[in-house]
Amino acid sequence: MKVKVYPSVCSGEIQIPPSKSIAHRAIICASLAKGKSVISNIAYSDDILATIYGMQQLGATIIMEQNNVIIEGIHSFPQHPIKVDCNESGSTLRFFVPLFTLSNQSVIFLGKNRLFNRPQTVYRTLFQERGCCFEQQDHQLLIQGALTAGTYCIDGSISSQFISGLLFALPLLQGDSVIIIRPPFESRSYIELTIQVLQTFGITVSFQDDYTLLVRGNQTYQACNYTVEGDYSQMAFYAVLAAVQNDLYCKGISHQSKQGDQAILSILKACNCKIEPQKDGYMIYKSALRGIEIDLADCPDLGPILNVLGMYAKGKTRIYHAARLRYKESDRIAAMKEELQKFNVDITTKEDEIVIIGQDSYSCTEEIAGHTDHRIVMSMTVAALCSSKPVVINGAQCIDKSYPDFFKDMQSIGARIEVLES
């Protein structure tokens with residue numbers, strides 16, 4: 001799909017969509033619980049659909065309503081080989097791998113685009129150490145064998161998703177387990193988010209120290225009704241748009257959230273952006289932005305939109321601890337550099353950092369590529385809305401991965417976006 005994005009002054013208020021990160025976790029927990037749970041405020045992105053279909057394959061009964069899912073938890077695991085299509089969802093794949101070993105069946109995970117280019121070495125090592133099968137190919141992964149309770153040593157610098165995957169499965173095993181995290185421990189907030197959702201569904205996990213998690217075995221997930229809060233990673237696109245261009249009220253966001261991408265607020269404030277808390281969200285004001293240094297270790301999903309923030313902030317913006325951006329749906333460091341240079345942005349990159357010298361205005365006369373990456377498309381849309389000439393973005397359909405209504409929601413606050421090719 002191609003879209004043409006016109007310079008537009010956006011204003012008013014925007015309802016932020018539900019958190020994809022939390023929805024993944026709540027759907028998994030409800031599927032493992034005995035009894036019926038209702039998960040409210042669900043948006044059916046491709047990633048969330050992959051998790052729903054996968055848990056159905058493991059034995060959960062899931063009914064999808066307009067904004068809710070009704071889940072009857074798994075009574076018994078399948079007694080036959082399982083095949084699961086994770087589409088392009090890294091969260092789904094990494095959360096599922098330990099979980100599906102509970103079936104003690106052979107399991108084939110399918111995926112597309114760069115899913116199996118993303119690092120899986122943590123699980124490969126764990127499976128090999130325990131004599132379990134772990135065979136990865138270009139577009140599929142085969143596992144077989146049951147993980148057992150015990151001590152698991154995990155590299156904390158690759159992805160917190162491996163740790164969360166173990167946290168879903170280990171409480172159901174016979175015996176206690178310990179997860180030892182080798183520093184640096186990045187994206188810790190995502191682990192705290194997992195623990196918070198687990199606790200809501202009756203599972204206890206505790207930190208013994210900064211790098212050690214104790215997981216009691218023989219636990220039972222408890223069914224409950226759960227409402228998914230608004231997504232800070234999606235709010236970031238609107239917050240940066242507002243800070244650069246025009247005041248905007250972002251609503252549907254919890255002030256008490258444990259989402260790591262809540263860091264967008266402190267980052268914007270450090271850039272001299274005025275932000276006022278409201279009852280149901282935040283008022284973000286257009287501000288004279290200045291460049292700062294940004295540590296991306298705990299909020300990597302903010303990387304692309306922070307590039308756009310840097311291009312419109314006066315002076316130098318340096319984004320560091322950014323290496324994991326290279327292993328997402330695209331190499332996000334290379335992709336953002338390539339596309340921002342079409343705006344003549346002064347941007348330089350290294351393996352682990354991005355430096356941008358911002359200025360007031362930009363124009364772009366070349367077509368922007370989406371790189372099969374939802375966050376690249378959404379970030380470049382914000383860049384285009386704030387620029388001085390219309391911009392064509394190719395490959396825009398990949399927003400369906402996380403936020404299918406992104407263009408419609410942008411149009412609701414005044415963005416002029418025209419679909420050229422469907």
Side-chain angles (χ1 to χ4, degrees), residues 19-33 39 47-48 50-52 54-55 58 84 86 89-102 109 115 118-127 141 143 147 149 152-173 177-208 210-217 219 221 226 228-229 231-233 257-261 297-301 324 327-328 402:
S19 166
K20 183 164 69 82
S21 295
I22 294 176
H24 281 303
R25 290 160 168 81
I27 290 165
I28 290 170
C29 289
S31 296
L32 296 172
I39 312 299
D47 282 8
I48 292 302
T51 292
I52 289 172
M55 294 311 296
L58 196 58
V84 184
C86 296
S89 176
S91 296
T92 302
L93 175 63
R94 288 169 173 167
F95 292 168
F96 278 5
V97 168
L99 201 54
F100 275 66
T101 68
L102 296 172
F109 296 103
L115 180 62
R118 300 171 74 170
Q120 305 296 336
T121 52
V122 170
Y123 283 155
R124 179 182 292 108
T125 300
L126 292 182
F127 273 63
L141 168 64
I143 65 168
L147 295 181
Y152 290 79
C153 295
I154 302 288
D155 187 334
S157 68
I158 299 176
S159 173
S160 64
Q161 292 170 349
F162 297 111
I163 303 168
S164 289
L166 288 170
L167 290 178
F168 291 124
L170 294 179
L172 297 176
L173 300 182
S177 296
V178 173
I179 301 174
I180 300 171
I181 302 159
R182 292 191 293 269
F185 183 5
E186 298 183 357
S187 294
R188 180 188 176 104
S189 60
Y190 284 94
I191 300 305
E192 293 174 345
L193 196 64
T194 300
I195 293 172
Q196 182 186 59
V197 179
L198 285 168
Q199 288 174 338
T200 303
F201 285 85
I203 298 297
T204 300
V205 174
S206 58
F207 274 101
Q208 301 300 289
D210 287 345
Y211 300 100
T212 308
L213 282 158
L214 174 62
V215 185
R216 297 293 185 190
Q219 297 191 60
Y221 283 81
Y226 188 94
V228 179
E229 66 183 62
D231 194 326
Y232 272 93
S233 64
S257 177
K258 288 188 177 293
Q259 294 177 57
D261 290 337
D298 203 39
C299 52
D301 283 346
R324 279 186 297 160
Y327 303 100
K328 298 292 186 176
S402 67

Checklist entry - Going by atom types alone, do Ser164 and Thr194 pair a side-chain donor with an acceptor below 3.5 Å? => result yes
Checklist entry - Gly54 and Val84: which non-hydrogen atoms are nearest, and at how many Å? => result CA-CG1, 3.8 Å
Next on the checklist: Using every non-hydrogen atom in the two residues, find where Leu102 and Ala169 come nearest and quote the distance to one decimal.
Outcome noted: CD2-O, 4.3 Å
Checklist entry - Got Arg188 and Ile181 here, is their nearest side-chain heavy-atom distance under 4.5 Å? => result no
Checklist entry - Between OG1 of Thr92 and CG of Leu115, what distance do you get to the nearest 0.5 Å? => result 8.5 Å
Next on the checklist: Tell me the closest heavy-atom pair linking Cys299 and Gly260, and the distance in Å.
Outcome noted: CB-O, 3.9 Å
Next on the checklist: Within this structure, what is the OH-NZ distance for the pair Tyr190 and Lys258, rounded to the nearest 0.5 Å?
Outcome noted: 14.5 Å
Next on the checklist: Do Ser187 and Pro300 have side chains that approach each other closer than 4.5 Å (heavy atoms only, starting at C-beta)?
Outcome noted: yes
Item to check | Member of Ile180, Leu126, Leu213 meeting the side-chain contact (heavy atoms from CB on, under 4.5 Å) criterion with Ile154 | outcome: Leu126
Item to check | Derivation and outcome, side-chain contact (heavy atoms from CB on, under 4.5 Å), residues Phe127 and Gln120 | outcome: CA-CA 11 Å; Phe127 273 63; Gln120 305 296 336; over 6 Å; no
Checklist entry - For Tyr226 and Ala26, which heavy atoms make the closest approach, and how far apart are they? => result CD2-CB, 3.9 Å
Checklist entry - So which of Asp155, Leu167, Ile179, Val122 actually passes side-chain contact (heavy atoms from CB on, under 4.5 Å) with Phe162? => result Val122
Checklist entry - Do the side chains of Pro98 and Tyr123 get nearer than 4.5 Å, heavy atoms only? => result yes
Checklist entry - Are side-chain heavy atoms of Ile203 and Val197 found at a separation under 4.5 Å? => result no
Next on the checklist: Is it the case that the side chains of Ser257 and Glu229 hold a donor-acceptor pair, with the cut-off being a distance below 3.5 Å and no angle test?
Outcome noted: yes
Next on the checklist: Rounded at 0.5 Å granularity, tell me how far OG in Ser31 sits from CZ in Phe201.
Outcome noted: 9.0 Å
Next on the checklist: I'd like to know if the side chain of Ser19 and the backbone of Ile22 have a donor-acceptor N/O pair within less than 3.5 Å.
Outcome noted: yes
Item to check | Any Asp231 side-chain heavy atom under 4.5 Å of Ser21 side chain | outcome: no
Checklist entry - Any side-chain heavy atom of Leu141 within less than 4.5 Å of one from Phe96? => result no
Checklist entry - So do Gln219 and Leu170 actually touch side chain to side chain, heavy atoms under 4.5 Å? => result no
Checklist outcome for this item: Residues Asp261 and Ser233: closest non-hydrogen pair is OD2-CB, 3.0 Å
Checklist entry - Can you list the steps and then say if Met55 with Leu99 is a side-chain contact (heavy atoms from CB on, under 4.5 Å)? => result CA-CA 10 Å; Met55 294 311 296; Leu99 201 54; 4.0 Å; yes
Next on the checklist: Let me confirm one number: the CD1-CD1 distance from Ile39 to Ile27, rounded to the nearest 0.5 Å.
Outcome noted: 7.0 Å
Checklist entry - Just wondering, more than 12 heavy atoms not from Arg118 lying within 6.0 Å of its CZ? => result yes
Checklist entry - Which atom names give the shortest non-hydrogen contact between Lys328 and Asp301, and what distance separates them? => result NZ-OD1, 3.8 Å
Checklist entry - Roughly how far apart are Ser206 OG and Arg216 CZ, rounded to 0.5 Å? => result 7.0 Å
Checklist entry - If you measure from CD1 on Ile52 to CG on Asp47, what distance do you get to the nearest 0.5 Å? => result 11.5 Å
Item to check | Parallel, tilted or perpendicular: rings of His24 and Phe95 (30°, 60°) | outcome: perpendicular
Checklist entry - Does Phe207 CZ have over 12 foreign heavy atoms under 6.0 Å away? => result yes
Item to check | N/O donor-acceptor pair under 3.5 Å between Arg94 side chain and Ile163 backbone | outcome: no
Item to check | Tyr221: partners by side-chain hydrogen bond (donor to acceptor under 3.5 Å, both in side chains), with sequence neighbours left out | outcome: none
Checklist entry - Are the side chains of Leu147 and Leu166 in touch, meaning some heavy atoms are under 4.5 Å apart? => result yes
